[in-house]
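Have a look at the structure below before the remarks.
All of these numbers come straight from a predicted model, not from anything done at the bench. Order of the sequence lines fixes the chain letters, A, B, ..., with proteins taken first and strands second; residue numbering starts at 1 for each chain.
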Amino acid sequence: MSELSKAYEPQSVEDKWYAFWLEQGCFTANPASAKPAYSIVIPPPNVTGMLHMGHVLNNAIQDILSRKARMDGKEVLWLPGTDHAGIATQVMVEKQLKKEEKKSRHDLGREEFLKRVWVWKEKHGDIIINQLKKLGCSCDWTRERFTMDPDYSRCVQKVFVELYKKGLIYRGKRMVNWCPVSQTALSDEEVEMKPQKGFLYHFKVQVADCSGAVSAPNSAVTDRRCIEGDIKLTDTWLTIATTRPETIPGDTAVAVNPKDPRYAHLIGKHIVRPLPAELPQGQKLIPIIGDEHVDFEFGTGVLKVTPAHDKADFDIGARHKLPLIEVINADGTMNALAGGPLAGLDRFKARKVAVEILTEQGVMIESKPYENNVGFSQRADVPIEPRLSEQWFLKYPAVPESKACVAEGRMKFHPDRWAKVYDHWLTNIQDWCISRQLWWGHRIPVWYRGEEIHCGLEAPAGSGWTQDADVLDTWFSSWLWPFATMGWPEPTETLKKFYPTTDLVTGPDIIFFWVARMIMAGYEFMGEAESAGPKKFALPDAMPFQNVYFTGIIRDKQGRKMSKTLGNSPDPLDLIARYGADALRFGTMRSAPLGQDVLFDEKDVELGRNFCNKLWNACRFRQMQGGEVQGEIDPALLSNDDQWILLKLDTAIREVTLALNEYKFSEATGALYRFFWSEYCDWYVEASKAVFFGDDAARKANTLAVIDFVLSHAVRLFHPFVPFITEELWHGMGYATDMPANQGGTTILFAPWPMPLDEEIKAHYGLTDDSLKLADAKYGLVTQGRNLRREANLSTGKKISCVLKPTRELAPHDIAVIRVLLNAEAVEVAADYQPAKGTLTARTELGELYLPLEGLRSPEELDAEKIRVARELEKIEAEIAKVEQKLANPNFTQKVPAAVLQEHSQRLAEWRAKRDSVKAALEALN
RNA sequence: GCGCGGUUAGCUCAGUGGUAGAGCAUUUGCUUCACACGCAAGGGGUCGCAGGUUCAAACCCUGCACCGCGCACCA
């Protein structure tokens with residue numbers, strides 16, 4: 001770094017160093033290494049996805065953890081990859097197909113369509129990977145995995161077969177969440193409950209008495225005929241409340257609570273279902289049944305039961321052996337059984353038409369606006385349709401082990417409140433519907449031939465077998481990620497070295513989808529879960545990671561979720577182009593406190609950029625002073641400022657290290673920011689100018705040595721957060737040269753993480769509390785002096801002369817520092833100074849500071865000054881009163897610890913002294 | 001309905017019993033020889049509300065309000 005530019009220019013630096021790191025193989029993990037292991041598996045982003053702010057937050061954190069671990073001397077594996085993301089990817093390719101060729105996937109056929117998806121994947125799959133590289137992610141790209149890689153696919157199938165053989169996977173006809181747009185079953189987790197504004201319709205039905213006329217209740221509808229003449233319609237009408245009148249044709253009973261005195265006597269009788277209108281009454285008689293499920297407080301206390309289209313109703317149906325009438329097609333339209341006017345209509349259109357028909361019949365009583373929770377397909381954002389279909393299900397394995405590891409604190413969640421959410425979910429889970437009616441994904445390894453069924457890794461021998469058409473839920477492959485990416489089922493060196501992984505960084509929105517299931521898979525396939533049976537890996541504790549860090553959700557500055565439709569999501573690549581990757585990382589980290597959502601504001605990135613520029617220029621300042629790099633520090637030559645900054649560095653090292661250990665990234669960046677900007681730059685660099693502007697060569701060399709010591713540590717402390725600029729400075733400042741090649745000599749990546757100064761070093765340099773206090777007092781004096789200057793309306797550029805009447809002895813160098821910091825021509829030390837009229841004074845810890853003005857001020861300025869000083873006096877009096885009151889309370893003085901009491905007394909003395917001084921100043925103004 | 005978070009300066013957030021803090025924004029003054037992506041000095045808060053514990057509460061306890069999230073088969 002011969003000449004540093006005036007401002008930091010990230011563009012010229014970032015690509016260069018990333019290429020260098022790759023070339024040097026810095027990110028490649030070596031399983032044979034003797035170093036202790038540190039590992040993270042990336043939450044694989046959607047292969048067709050684009051980098052968004054959530055990725056930035058998530059991956060910046062993983063990179064910080066990885067880089068810190070490298071500097072701690074660990075062998076680091078950050079394993080990257082992408083997810084095939086079944087529905088999302090398939091939909092994307094289907095859309096493109098529609099747009100460009102006006103074809104559906106069925107037009108192409110399964111095989112041809114899948115070819116197109118792979119083409120898409122080859123074309124777009126690298127985008128997000130390259131974006132992660134832009135961000136600076138130090139992933140081991142030699143181990144990049146994709147959930148549809150042949151090896152990975154093999155793992156997924158193997159797992160399916162194993163669980164099938166154990167009886168944990170089974171096929172059954174059950175009620176599932178059906179997405180009419182994607183036309184596939186979904187798991188419970190993919191359904192999002194959303195409050196929906198609709199209507200609660202009340203309609204009446206007539207009770208019929210036809211005992212004996214109805215055939216067995218569990219027979220199919222077509223057989224359930226009443227002879228027209230046998231129906232005896234009664235005068236009793238029941239009112240039913242429903243939000244879904246379009247499902248009336250599918251009703252096969254009406255349920256009341258058997259304890260409900262209004263209706264109990266009607267149980268066993270029938271009602272005439274009003275729809276389909278054209279069917280003869282005899283074919284529409286359905287029984288009134290008694291079921292405890294019915295809440296008689298709600299609605300009318302009469303519940304229509306539609307077993308084929310409602311989960312709860314399905315259960316009631318099962319209890320009462322009711323027949324099922326399906327009236328809705330897979331695509332959400334009504335079928336022929338729904339009746340003439342409804343058949344073929346979309347379910348929502350059909351709702352309106354059903355209401356019209358009921359109104360025409362004169363049975364509609366009222367419709368009142370009503371808000372209820374409706375399950376939505378998370379992916380397609382339409383209401384899901386509970387639907388009876390044949391699907392594959394998994395009974396979750398290793399549930400007790402998975403609960404225990406978190407409950408017992410062996411696996412830690414950060415923040416830990418998620419542990420409760422996790423536990424609650426595991427306590428209440430239902431079997432997992434794992435089959436999807438999609439083409440893109442891992443095909444279910446089951447073949448059929450007539451009544452025969454074969455589950456295995458290969459197609460069975462013989463002809464006539466057809467494979468199950470469905471694929472597996474994407475999460476059924478991602479739950480294997482922590483070990484399937486490392487060579488499982490073989491006991492590879494990588495697995496032995498890096499499993500279980502150390503940290504997982506992810507969003508709380510996938511705690512059930514992914515985190516919980518990975519834990520179960522870990523116990524089931526890597527450990528000795530009770531259900532697991534004999535294993536190649538009987539790890540004593542097979543949990544896939546030791547810590548889970550849950551990030552917040554990134555929102556815009558108004559608190560709204562980032563979304564494509566709102567257009568409120570900035571493009572991270574654009575931000576990187578404008579501010580630099582380091583700026584984006586630092587800004588994001590600084591504004592992302594543990595466990596809370598992050599309100600993103602571009603100002604944060606700006607702050608990051610400004611910070612990088614500050615770091616850059618501080619180094620530039622050092623470089624402009626010339627001299628030997630990293631000379632020896634001579635303790636005898638240390639100034640008070642030197643001692644102060646070394647102590648502040650020590651504090652910063654401790655704070656940043658502790659914050660990182662606790663995953664408090666905003667605290668760590670906050671500490672770095674404060675240390676570097678408010679302590680090092682604002683005070684130390686400015687104070688050092690007293691040395692560099694002087695002519696003490698020995699002191700200059702020593703100051704340079706201190707600066708190099710501080711900067712070489714600071715740059716390392718910063719590296720995990722801002723990797724590019726720190727690498728540039730590490731080399732440019734020459735800090736790499738003295739280090740062994742594998743410990744910082746080649747790259748800062750492996751430079752040792754700074755250690756706090758131990759007691760021995762502190763003693764060696766004479767770093768004491770007193771040095772800290774003296775410096776604080778000195779800088780306090782400077783602030784007060786600048787304040788005087790400001791009161792006198794003397795611009796910062798103007799040279800002034802001050803007088804200090806000291807309360808303690810000060811080294812000549814400290815006086816020189818004060819002079820430089822005040823930008824004063826002279827600071828005279830005079831024990832017997834008698835201020836002239838109109839001299840501004842400030843009472844400081846080090847003595848009275850005077851700014852003689854020689855009558856330079858106008859009467860207006862004097863008046864303004866008087867008002868200000870009088871106000872200050874008021875404030876001081878109020879503080880004194882507050883402390884005096886406390887000290888006057890015998891309860892206080894008797895009960896309080898001695899230290900607190902002493903502190904209060906001292907404070908009172910200080911305030912009183914200050915009051916005297918301010919009073920004197922005020923009098924001097926008059 | 002149950003559970004979990006949150007409520008502190010205009011904004012975003014730190015602050016777990018003893019003098020209310022930071023960044024941004026704002027005011028004023030500075031083209032001071034590292035940095036205007038900067039420097040310096042200010043102004044600004046009855047810590048959501050009501051009780052309680054304590055010598056002392058932003059902090060601990062109880063209740064309430066509002067915001068957000070998760071879970072839940074009220075049609």
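Here A:Y8 does not reach the OP1 or OP2 of B:A34: none of its side-chain N or O atoms lies under 4.0 Å away. Residue A:W677 has a polar side-chain atom (N or O) positioned under 4.0 Å from OP1 or OP2 of B:C39. Distances shown here put every side-chain N or O of A:K886 at or beyond 4.0 Å from the OP1 or OP2 atom of B:A56. Contact annotation: A:N610 side-chain N/O to B:G38 OP1/OP2 distance is under 4.0 Å.
The A:W911 side chain lies nearest to B:U19 when the options are B:U19, B:G18, B:C37. With B:A75, B:G18, B:A22 as the choices, the nucleotide that has an atom nearest any side-chain atom of A:D295 turns out to be B:A75. The side chain of A:F892 has B:C55 as its nearest neighbour among B:G68, B:U19, B:C55. Side chain of A:T783, nearest nucleotide from B:G38, B:U19, B:A41: B:A41. Across B:A34, B:C39, B:A25, the shortest atom-to-atom separation from the side chain of A:M624 is found for B:A34. The A:K6 side chain lies nearest to B:A36 when the options are B:A20, B:A36, B:A34. Listed candidates were B:A34, B:A75, B:C39. Nearest to the side chain of A:F621 is B:A34. Of the candidates B:G3, B:G44, B:A75, the closest approach to any side-chain atom of A:K875 belongs to B:G44. Proximity note for A:H904 (side chain, C-beta onward) versus B:G18, B:A75, B:C37: the nearest is B:G18. Closest to the side chain of A:L607, out of B:G23, B:G29, B:G18, is B:G23.
Summarising the base pairing, B:G5 is matched to B:C67 through a Watson-Crick or G-U wobble pair whose two defining distances lie under 3.5 Å. Of all nucleotides present, only B:C24 satisfies the Watson-Crick or G-U wobble test against B:G10, with each distance under 3.5 Å. Under the Watson-Crick and G-U wobble criteria, each requiring two contacts below 3.5 Å, nucleotide B:C30 is paired to B:G38. Pair assignment for B:G18 gives B:C55, based on Watson-Crick or G-U wobble hydrogen-bonding distances that are each under 3.5 Å. As the counterpart of B:C73, no nucleotide is assigned, since no Watson-Crick or G-U wobble pattern has both distances under 3.5 Å. Searching all strands for a Watson-Crick or G-U wobble partner of B:U62 with both distances below 3.5 Å returns B:A50.
Across all strands, A:F512 comes closer than 4.0 Å only to sugar-phosphate atoms, never to a base (heavy-atom distances). Among the protein residues, A:F693 comes within range of no part of the nucleic acid, since none of its heavy atoms lies under 4.0 Å from any strand. Within the nucleic acid shown, A:R590 comes within 4.0 Å of sugar-phosphate atoms alone, with no base atom in reach, counting heavy atoms only.
Taking atom P in both B:G5 and B:G15, one finds a spacing of 15 Å when rounded to whole Å. The gap from the C1' atom of B:U7 to that of B:C49 amounts to 11 Å, rounded to the nearest Å. To the nearest whole angstrom, the two P atoms, one in B:U54 and one in B:A14, are 31 Å apart. On the P atoms, B:C11 is 26 Å away from B:G70, given to the nearest whole Å. Here the separation of B:U16 from B:A41, taken at their P atoms, is 28 Å to the nearest Å.
A:R417 places its CZ atom 16 Å from the P atom of B:G3, with the value rounded to the nearest Å. Protein atom OH of A:Y673 is 15 Å distant from nucleotide atom C1' of B:A14, rounded to whole Å. Nucleotide B:C74 holds its P atom 16 Å from the CG atom of A:N257, rounded to whole Å. The distance between atom CG of A:N787 and atom P of B:A41, rounded to the nearest whole Å, is 8 Å. Taking atom CG of residue A:L615 and atom P of nucleotide B:C35, one finds them 15 Å apart after rounding to whole Å. Rounded to a whole Å, the CD atom of A:Q623 is 19 Å from the P atom of B:C33. Rounded to whole angstrom, the span from the CG atom of A:D315 across to the C1' atom of B:A72 amounts to 15 Å. Between the P atom of B:C11 and the CG atom of A:L599 lies a distance of 12 Å, rounded to the nearest Å.
Ranked by how close their nearest RNA chain B nucleotide is to the 5' end, A:K311 and A:E192 are led by A:E192. Positionally, the nearest nucleotide of RNA chain B for A:K420 lies more toward the 5' end than for the other of A:G301 and A:K420.
Salt-bridge check for A:D251 with A:R273: failed, with every basic side-chain N at 4.0 Å or more from each acidic carboxylate O. By the 4.0 Å N-to-carboxylate-O rule, A:E910 lies too far from A:K914 to be salt-bridged with it. The pair A:R674-A:D682 does not meet the salt-bridge criterion, since no charged nitrogen lies less than 4.0 angstrom from a carboxylate oxygen.
Judged by distance alone with a 3.5 Å cut-off, a donor-acceptor contact links the side chain of A:H293 to the base of B:C73. Between the base of B:A56 and the side chain of A:Q885 there is no donor-acceptor pair shorter than 3.5 Å. Side-chain N/O atoms of A:K614 and base N/O atoms of B:C35 include a donor-acceptor pair closer than 3.5 Å.
A:E14 places a side-chain N or O within donor-acceptor distance of the main-chain N or O of A:A581, the cut-off being under 3.5 Å.
Using a 3.5 Å distance cut-off with no hydrogens or angles, the side chains of A:R620 and A:N617 do pair a donor with an acceptor. Side-chain atoms of A:T247 and A:K304 form a donor-acceptor pair, as typed in the model, at a separation below 3.5 Å.
If you take OH on A:Y779 and CD on A:E679, they are separated by 10.0 Å, rounding to the nearest 0.5 Å.
Annotation for A:Q11: atom CD counts as buried by contact number, over 12 foreign heavy atoms lying within 6.0 Å.
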